[in-house]
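Protein chains get the first letters and strands the later ones, always in sequence-line order, with residue 1 at the start of each. Any value given below was found using the heavy atoms of this structure, including those in side chains, with hydrogens, waters and symmetry copies removed.
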Number of protein chains: 2
Amino acid sequence: MSNDPSSNASNPLFQLENQLCFPLYALSRMITKAYQPLLLELDLTYPQYLVFLLLWEHQELTVKELGEKLFLDSGTLTPLLKRLEQKQWISRRRDPRDERSVIIGLLPAGQQLQARACQIPEEIIAKLNMPQADFEALRLQLNALLIQLA
Amino acid sequence: MSNDPSSNASNPLFQLENQLCFPLYALSRMITKAYQPLLLELDLTYPQYLVFLLLWEHQELTVKELGEKLFLDSGTLTPLLKRLEQKQWISRRRDPRDERSVIIGLLPAGQQLQARACQIPEEIIAKLNMPQADFEALRLQLNALLIQLA
DNA sequence: TAATGTTTAATTGTGTGCAATCAAATTGAC
DNA sequence: GTCAATTTGATTGCACACAATTAAACATTA
């Protein structure tokens with residue numbers, strides 16, 4: 001009854017499994033959820049964790065640089081960074097050489113978070129339980145696509 | 001100066017490019033953004049579009065079934081579905097045989113949306129500009145991982 | 001049938017994402 | 001130097017996501 005031949009319901013391109021976007025969307029949320037219990041111990045959300053990965057590596061970055069690396073704009077980053085500033089984990093100050101820029105720096109408490117976070121990557125890999133080769137192959141493909149589309 | 005040997009900043013597992021989660025997270029948002037201008041013409045968001053993909057195929061689904069297929073809970077779906085109901089695109093009614101369930105059905109305007117949406121899959125593939133073989137390979141890998149983790 | 005437990009949506013609260021707009025600072029052409 | 005254009009963050013408003021709680025309906029079992 002529901003198979004009206006004039007409808008595109010049976011168009012295979014319309015089925016979730018045949019799209020690239022849906023598994024990407026669903027997997028992204030599932031993996032973020034896999035991080036959640038580990039990050040809860042650090043009182044961090046997943047996007048906040050990404051900001052710290054960058055700050056632990058670079059010590060200081062402007063909002064613009066964070067946005068470029070994470071593909072996020074200031075409408076997302078500003079409130080997120082203000083929450084981290086309130087916890088005294090990061091500092092926010094204008095660049096004296098260009099007052100339009102805001103430099104984000106690590107405060108001691110934020111620096112110390114790293115010690116507690118350092119096991120997370122291994123724990124996630126263990127949790128996902130993927131063969132190392134599959135993990136690597138997928139990672140390379142996704143990174144290549146990311147760079148191509150960026 | 002920033003290379004304190006006691007820090008894990010140089011731990012390669014801590015770098016964005018070496019993680020699986022980050023490209024997944026960034027790609028998911030980038031591809032959703034690629035849909036946005038196409039969906040704007042239909043006055044749909046990306047998650048709303050996913051709901052319609054399922055409804056066009058199945059005509060009727062409960063909130064629970066939608067949630068299982070999309071990996072979303074009622075806290076996300078209920079307000080989304082109420083917005084679609086307000087536009088008279090879908091109907092929401094209790095299942096008389098089990099009053100706990102809410103059945104989501106297509107209204108005529110929602111059914112007709114499909115005609116305008118049917119070119120979207122092809123347009124997205126064209127927009128992403130990926131070789132068909134790469135697209136297929138990645139799709140299969142992501143779906144396999146999704147099923148494994150679900 | 002009465003008590004208990006389970007299933008299902010809805011609600012509430014917090015935190016992203018992102019488009020659109022605004023405002024301040026800087027840069028460039030003249 | 002001055003005006004216009006550009007850069008950069010901040011703000012606002014809307015729509016997810018999701019944890020946690022609540023409430024109603026159903027199922028089970030004594």
Side-chain angles (χ1 to χ4, degrees), chain A residues 21-22 24-40 42-52 61-68 70-87 90 92-104, chain B residues 21-22 24-40 42-52 61-68 70-87 90 92-104:
Chain A
C21 59
F22 174 69
L24 215 45
Y25 163 80
L27 259 180
S28 171
R29 287 184 293 111
M30 281 171 67
I31 296 194
T32 300
K33 222 179 285 188
Y35 274 87
Q36 205 265 341
L38 306 178
L39 293 176
L40 192 61
L42 309 187
D43 196 19
L44 281 177
T45 65
Y46 180 66
Q48 290 169 0
Y49 172 68
L50 294 180
V51 167
F52 272 110
L61 288 169
T62 64
V63 174
K64 179 181 169 57
E65 289 168 330
L66 283 170
E68 283 171 351
L70 298 175
F71 305 97
L72 291 172
D73 73 0
S74 71
T76 302
L77 286 172
T78 296
L80 183 157
L81 294 170
K82 283 185 174 175
R83 279 188 279 273
L84 298 179
E85 183 187 32
Q86 273 194 328
K87 292 183 180 177
I90 66 166
R92 293 167 69 248
R93 61 193 165 81
R94 295 278 167 182
D95 183 343
R97 299 191 306 167
D98 184 343
E99 292 280 345
R100 293 172 303 181
S101 298
V102 170
I103 298 174
I104 306 300
Chain B
C21 58
F22 173 68
L24 216 44
Y25 163 79
L27 261 180
S28 172
R29 287 184 292 112
M30 281 172 68
I31 294 193
T32 300
K33 222 178 286 188
Y35 274 88
Q36 207 264 340
L38 306 179
L39 293 177
L40 192 61
L42 309 187
D43 195 19
L44 279 178
T45 65
Y46 180 67
Q48 290 170 359
Y49 171 68
L50 295 179
V51 167
F52 273 109
L61 288 168
T62 64
V63 173
K64 179 183 168 59
E65 289 167 331
L66 282 170
E68 283 171 350
L70 297 175
F71 305 99
L72 291 172
D73 74 1
S74 71
T76 301
L77 287 173
T78 296
L80 184 157
L81 294 170
K82 283 185 173 174
R83 279 187 280 274
L84 298 180
E85 184 187 32
Q86 272 193 328
K87 294 183 180 176
I90 65 165
R92 293 167 69 248
R93 59 190 166 83
R94 294 279 166 183
D95 183 343
R97 298 191 307 168
D98 184 344
E99 292 279 345
R100 292 170 304 180
S101 297
V102 170
I103 299 175
I104 306 301

- Task: Working to the nearest 0.5 Å, report the span between CZ of A:F52 and CG of A:L84.
- Result: 5.0 Å
- Item | Rounded distance [0.5 Å steps], CZ in B:R93 versus CD in B:E85 | 12.0 Å
- Task: Measure the distance from CD1 on A:I104 to C1' on D:dA10 and round it to the nearest whole Å.
- Result: 12 Å
- Item | Atom of A:Y46, atom of A:T32 and distance for their closest heavy-atom approach | CB-CG2, 3.6 Å
- Message: With a 4.0 Å cutoff (strictly under), does any side-chain N or O of B:S101 reach OP1 or OP2 of C:dT8?
- Response: no
Enumerate all atom pairs, one protein N or O and one N or O from nucleotides 19-26 of chain D, separated by less than 3.5 Å.
unit_1	atom_1	unit_2	atom_2	d
D:dC26	OP1	B:E99	N	2.9

- Item | From C:dA10, C:dA9, D:dG9, nucleotide with atom closest to A:V63 side chain | D:dG9
- Specify the residue among B:R92 and B:Y25 whose closest nucleotide of DNA chain C lies further upstream toward the 5′ end. B:R92
- Item | Pairwise side-chain contact, B:D43 with B:K87, heavy-atom cut-off 4.5 Å (strictly under) | yes
- Query: Should A:V102 and A:R94 count as side-chain neighbours, where that means a heavy-atom distance under 4.5 Å?
  - Reply: yes
- Query: If only atom types and distance count, is the side chain of A:R29 paired as donor or acceptor with the main-chain N or O of B:F71 below 3.5 Å?
  - Reply: yes
- For the side chain of A:K64, counting heavy atoms from C-beta on, which of C:dA9, D:dT8, C:dG17 is nearest? D:dT8
- Message: Between B:L70 and A:F22, is there a side-chain heavy-atom distance shorter than 4.5 Å?
- Response: yes
- Tell me: CG of B:L84 to P of D:dC16, nearest whole Å? 8 Å
- Task: Whole angstrom is fine here: how far is it from CD in B:E68 over to P in C:dT7?
- Result: 12 Å
- Query: B:R94 has an atom CZ; how far is it from atom C1' of C:dT7, in whole Å?
  - Reply: 12 Å
- Item | A:T62 side-chain proximity, nearest of D:dG9, C:dT16, C:dC18 | D:dG9
- Query: Touch check for B:L80, heavy atoms < 4.0 angstrom, all strands: base, sugar-phosphate only, or nothing?
  - Reply: sugar-phosphate
- Note on the structure: Which of D:dT8, C:dA10, D:dA17 is nearest the side chain of B:L72? It is D:dA17
- CE of A:M30 versus P of D:dA17: gap in Å, rounded? 15 Å
- D:dA17, D:dT11, C:dG15: which one has an atom nearest the side-chain heavy atoms of A:T45? C:dG15
- Message: From CZ of A:R83 over to P of C:dG17, roughly how many Å is that when rounded to an integer?
- Response: 10 Å
- When rounded to whole Å, the CG to C1' distance for the pair A:L61 and D:dT8 reads 16 Å
- Message: Nearest whole Å is fine: how far is D:dT12 P from A:K82 NZ?
- Response: 9 Å
